[in-house]
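The structure that follows is given in the form of structure tokens.
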Amino acid sequence: MVKKEADGAIVDLGVAFPRYFVKHDALAAARDVDPAKFRFGLGCEEMTFCGPGEDTVTLAATAAWNVLRQKTGRLERVGLCIVGTESGVDGSKSVASHVHGLLRLPPTCRVFDIQHACYGATAGIQMARAWVSRHPSQLALVIASDIARYERYSAGEPTQGAGAVALLIGSTETEDICLTFSNISGMHASDVYDFWRPTYQKTAVVRGKFSISCYLEGMVAAYEHYMEQIQHEESTPTLQLFHAPFPHMARKAHRRLWEHRGLDPETWEPAYTRWVAPSLWANRRIGNIYTGSVYLSLAALFELEGEALQDRDVALFSYGSGSCSEYFTGRFGAHTATPRILEHLNAREEVDVEQYELLSERSLALESNGSFAATSLQSELTDVERPFIFLGIRDHERVYLQNEADWQSGCFVAARLQTSESIPTVPVVEPALTSSVQHSQLDGAIS
Ligand code: CAA
């Protein structure tokens, strides 16, 4: 019998979301739009956004902290840290280097960012899988962290969101695994201007309808490339996770693929309800988190289905505007991830549209040099139990406050500015949050 080679796979995952959200019904009223358009046309319910003190770095570090603290000894074994992001905080310094400092990852760790619109994290995962096969005793951290910002009053505004998903990649030889991947990927690349963000802008530029057609064309082409490689011999999995810039994009994608495959046109909708919609419950309450969006659906599926996923196959479609598309498949393993999404969602604060506008402006105001010295927000920013807080920019350097965690209780007991102190051993690991997920609040389960 041929021995199956060890591979890199997802060992566990963690999430992080900003503190505030606004309901789409409230946004629709303020923008004089029929709320049914946001709720049913786009599939959105709540939009999570960054307030002062939160940025791509704090989200990335918090998601990583949430996955590392789940088991003793993980942090010390991280030898690769990749951040996939299209909302980086500097033209040169990587988000990964900030994360490395904030989490006090080992100094021998390889750290860098990957930027390719919403595709960066998928590129990171594929790279980490290859790296882990050569370093089976170590772990790779791939973090998808993004803030989706569009102009106020634009068609893109209701599809904003922010958040991070941290994926721990380890070897199938040494770890209990959540999700293994097939070594076959269907790829498609095309040089298009469908969605982009010039370096002089904080908000994205988008050709909305064109971006949807680029996504769908990329998906069909990547799927065909995948099928060519498996020589059309295997059936594709029924469970499907799609990049979801807004939840109904996944619905459009599923329908297009169904039609493309020549399946019964009468059955695409029940198939969607059964195999695609259940994974979208968190996307509907967060909004677009760009490169983490498809992995948020994966995390949501774990939270909804738990052990029932074991040994099931799943297809994933990742799309990054510009563009790069990848269609690939995986199989759920014996370990069940517990990302505690609902707890994190319930910990957010709801605000009205006026506060959303004000808080977003105050968040952006911290993005200019001198904001640290100028800010009078210091006590407000630090008066919150968050592991990492962005305090502004001083002498062109971003300043972060790192709340020291009492690893036993999960509370934050003291604060210090980010420094280059030596790395302490991390003792922990009893996650402080208590599981209060009520699946009655979620969509119907898959079958
Ligand atoms: N009740 C119910 N539904 C309604 C409605 C109402 N009163 N009014 C409109 N709708 C429906 C429309 O019929 C439409 O549904 P279908 O697409 O199924 O026909 C939907 O609501 C959207 O309405 P519009 O067609 O009028 O579209 P819009 O002008 O509001 O723009 C959008 C929608 C293009 C998605 C826009 O929000 C946008 O530009 N978003 C950002 C770009 C984006 O997400 N692109 C996706 C592909 S690119 C990508 O994936 C990368 C990425 O992450 C950004």
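Ligands are counted one by one from 1 in listed order, and the atoms in each one are counted from 1 as well. Just so you know, residue 1 is the first one in the sequence shown, and it goes up from there.
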Taking only residues at least two apart or on different chains, which pairs with a member in residues 235-248 satisfy salt bridge (Lys or Arg N to Asp or Glu O under 4.0 Å)? none

Between Ser185 and Glu326, do the side chains contain a donor N or O and an acceptor N or O under 3.5 Å apart?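 Glu326 vs Ser185: donor-acceptor pair found between side chains.
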
For Tyr215 and Ser323, does a side-chain donor sit closer than 3.5 Å to a side-chain acceptor?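 No pair is found: no donor N or O on one side chain lies under 3.5 Å from an acceptor on the other.
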
Tell me if the aromatic rings of Phe21 and Phe49 count as close, with their centers under 6.0 Å from one another.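 Judged by ring-centre distance (under 6.0 Å), Phe21 and Phe49 do not meet the cut-off.
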
With no hydrogens and no angle check, do the side chains of Thr58 and Arg386 hold a donor and an acceptor under 3.5 Å apart? no

Evaluate the criterion ring pair (Phe, Tyr, Trp, His ring centres under 6.0 Å) for residue pair Tyr226 and Tyr327; output intermediate values, then yes/no. CA-CA 7 Å; Tyr226 175 87; Tyr327 181 94; 5.2 Å; yes

Around ligand 1, what residues show up once you keep those with a heavy atom under 4.0 Å from it?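 Answer by chain and number: Asp34, Ala36, Lys37, Gly41, Cys118, Tyr150, Ala155, Gly156, Thr159, Phe195, Val206, Gly208, Lys209, Ser211, Ile212, Tyr215, His243, Pro245, Phe246, Lys252, Asn288, Tyr290, Tyr319, Ser321.
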
